[in-house]
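Residue numbers start from 1 in every chain, and the chains themselves are labelled A, B, ... in the order their sequence lines are given, proteins ahead of strands.
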Amino acid sequence: MSKIPGLRRFFRSADYRPDVEGDIDTELEFHLGMKIDELVKGGLSPEAARREALRRFGDVERTRAGLTALDRERLGRERRAEWWSVIAHDARHALRTMRRTPGATLVIILTLALGIGANATMFGIVDRLLLRPPTYLRDVDRTGRVYLHRFRSDGTERIDNNISYRYYGDIAKFSHAIEASTAFFDDQSRVVGTGQDARERPVSLVGAGFWSFFDARPALGRFFLPDDDRGLAGPAVTVLGYGFWQSNFGGDRGVLGKSIRIGSRSYTIIGVAPRGFNGLAPWQVAAFIPVTVGAYDFLPPTYRLDQEYGASWVEMLVRRKPGVTVAQANADLTAAFRESRRSEPQVLPAAIARSRAEAAGVLYDQGPKRSESAKVATWLVGVSAIVLLIACANVANLLLARALGRRREIAVRIALGAGRGRLLAQLLTESTLLALLGALAGLVVAQFGGGVLRRTLLPDVDWSLTPLFDQRTLLITTAMAVVTGVLTGLAPALQAGRADVSVALKAGGREGNIHRSRLRATLLVIQAGLSVVLLVGAGLFVQSLRNVQGVDMGYEPDRILHMNVELGGLELTRPQRIELRRRMLETLRARPGVEHAAVTSAIPFWQTIVEDLFVPGRDSSVNGQDFIALNAVSGDYFATAGTRIVRGRAIMDSDRPEGARVVVVSETLAQKLWPGRDALAQCVKVAADTMPCASVVGIAGDVRWGGFGDDERMQIYVPLGQYSWLGAGSYYVRTTDSPARVADGLRRAVQALVPGNGFVSTRVLATTLDSTVRPWRLGATMFTVFGMLALLVAAVGLYGVVAYGVTQRMHEMGVRVALGARTRDVLRLVVGEGVRVTVIGIVLGTIAAILAGRFIAALLFRVSPRDPATFVIVGALLLAVAVAASLIPAWRASRVDPLSALRAD
Amino acid sequence: MGTPMAAADLDLLQGTLDVLVLKALTFGARHGYAVTRWIAETTRDELQIEEGALYTSLHRMEKRGWVESEWGLSENNRKAKYYQLTALGRKQLQQRTDLWTRYATAVFRVLRTT
């Protein structure tokens, strides 16, 4: 021990602080004293001698301050050097220990790698979704995304981030606490380019004020000015995204002034955004266009953007004035919102009074509408932490076993005078070193697992801008490793500190200390319990996923291809439109593999038209607060979509404009409008009270329009010819084959029919739905992966402990066998111990899972967090694993040869 | 002989003071006062060094690891801090002595030129 330089001082340093100032005073006093003596001897009076001595010394105070600083620095440096040399010594010792037991070391490092890797992966994802503000955004703390809260007639709250441009304009105008505001809309897919080069890409529609929210300078050219954002009257200009500029124009600086087709118009390129700039969109934006100019791609030209309330599409970004609190800003926004609603037709004063607005975090997933995926991801962070805890418990157990094996060595060292602090430091160094190695391997796990996870479960997010390992992830991972090191080293270190020297030395190689096995059993119970929690979570999520996938949507997404015709700014007369639709349907229906085709004006999860309804004998409360989706459809629609007609008839091509007005309503709407009465043949007026009666001719099955839950199931279907819908045409095609496979052929077939610059885009309905199913898939996959991981780790841990226990008790086993114990008895004895520990774990884990269940209930789909089947299956699974893990060492114990076992000691 | 030279008059640099102190310690461990005495005697009081600067030099060299210190009892039984050269300090002295000799010789040559 004495070979380590400065070791003694190291362990003294905790309570020993050298008195730097006192030492300097002593030294200088000695000097002056000697000097005065010398001068007095030379004949000066003591008084004069003192003055002379001080004069010769110079500025005493300044010198003393200088010396103090020098000595402090020196002591600090010495202490650090000693510290490092001790650490280096311990690390070398730890490495030697690891080399002696490569197998156990490998198991430990792998266990930790899985635990730390899982956490690094989850942190990376949550960081991107929930924590990291968009690049270039300035004054993040004062910037917020606006949400509007309204209430439906049934009292449920509706929160919108997509609002009408009218609301946006009014709120901006009426509010006072806001320094800057802008409207924007991150369109995830809009056709960019023409002909063969046309691709659907993310395009962001942003107001001129958008740019002032960022500290970004254009890489080339300029951003929009207020003049560029003037609706159709404004010039069609665009700022390209950096990545798009690189990939499609090769970074050509002469790109300014060129034209590019985006949606239905041609835009002049006036600038290029800086690298990595995507506004607030999580994905890579190809181009930015002025919000009011771009709006006309999906709003009819007659739509008065700044006056009408109907179409909800833009999002609003605001920045509070400095010094304005969040509460003040929200109160101000609410007042402005209510002010706007006062001029809104058909809104009751009570509804206005309950409406409110708030500015929440800039990231969508920070706001009140954060995606289910984000919620699940947050939970998964907790889950990955549990995996790490299990891994820690396991490693602690293995280290404990190793420390027990080294009990003699440790006792000898204590007997020779090694301080317990030193031993503690050494054991902690060893476990921290293991944890750091585990973290290193964990980063490899995260690299692999994170990549897979990002691609398969969260493909919408642009990950290209976030490296898998940035500084934050590395920092967090290192912190995790250190904490892990301390956690895993603590148990063996504490136990070593407790070691009773004389007992350990006397006991020889054999162990039997109840104390220690209790600690190890506790760790096993924790592992088993946490495994139960995770596996129950996995079971619940898997069932949720299955339930979601089994939901009857009211239509058959797997069979439907959605085709959309965009006319590219071309205005068709009504007869021309009707002719185009007729030819489209004719062509589509003639194609092989097409069963049915129909025109539809609304698409689930994508596009909704909301119209006012008037029913004689009922007040206007049907409207305004309830959201009734209207769908103008051609004949054959119900057969195409696979929506059931419960009673009456479907809409047919024979329902012509000049014929009797008819509608079909969904079951829920029928019950709501005519409770307790037959809806058939009732009168409904669509859009205005002055419209003629339309007679309900059929009742259709409910369709889930915006979610898998039970909201918004009120639909009304009208014949296309009897409703003035201005869209160029949106088609459903029911295919015999998978829609994705025939999509391209069908698009080519009908492209020729589209006049001018128009184009046809296709979408597989199932794909759109798939993104909605994703949170449950994310939860089911990750809980299962983590749960299995936990189970594996726990099984290895149990095996290790039982096996170790058996080796330690070979002597006892030998005695038992010698006394006539049969194989079955020994098996029962050993397996029984493993099972006993596991059962306690299962019981505690079940309690924990029931308590935790309350919190995840909201994330589940039609499965109770206390689902008994799940708990029973998990318990049985864990028990089976416990039996299997103890059976191997038990078998070995039963084969022990009593003679050799007894002789060994 | 004339009046003693103050260190400042000679523009006595820190490094120079360090060499003198190192040299003073080559004969064994000494406390700061003994170092000042030794320098005064050796230079026959030609060189007046501000004693505070000498202590700064000692502590600075201790920080650099050229000297190390230990508390001891002085000739008159008072607690004093004794400084001692380290191997590193010895090497420093060697190098600096060489440097100084060459420098002084060169300057001397120039001044002797008639």
Distance (rounded to the nearest 0.5 Å) between B:Lys63 NZ and A:Arg77 CZ: 5.0 Å

Inter-residue atom distance B:Glu51.CD - A:Leu54.CG, 0.5 Å rounding: 10.0 Å

Within 6.0 angstrom of B:Glu75 CD, more than 12 heavy atoms from elsewhere: yes

ring-ring contact (aromatic ring centres under 6.0 Å, His included) involving B:Tyr33 - partner list, sequence neighbours excluded: A:His31

Inter-residue atom distance A:Asp23.CG - B:Lys81.NZ, 0.5 Å rounding: 6.5 Å

Interatomic spacing from CG in A:Asp71 to OG in B:Ser69 - rounded to 0.5 Å: 8.0 Å

Least distance between heavy atoms, B:Thr56 atom then A:Leu70 atom: O-CD1, 3.8 Å

More than 12 heavy atoms from other groups under 6.0 Å of CZ on A:Arg62: no

Nearest heavy-atom neighbours spanning B:Tyr55 and A:Glu27: CE2-OE2, 3.4 Å

Check: A:Ile24 and B:His59 side chains under 4.5 Å, non-hydrogen atoms: yes

A:Met34 vs B:Arg37 side-chain heavy atoms within contact, under 4.5 Å: no

Distance (rounded to the nearest 0.5 Å) between B:Thr36 OG1 and A:Arg56 CZ: 9.0 Å

Over 12 non-hydrogen atoms of neighbours within 6.0 angstrom of CZ in B:Phe27: yes

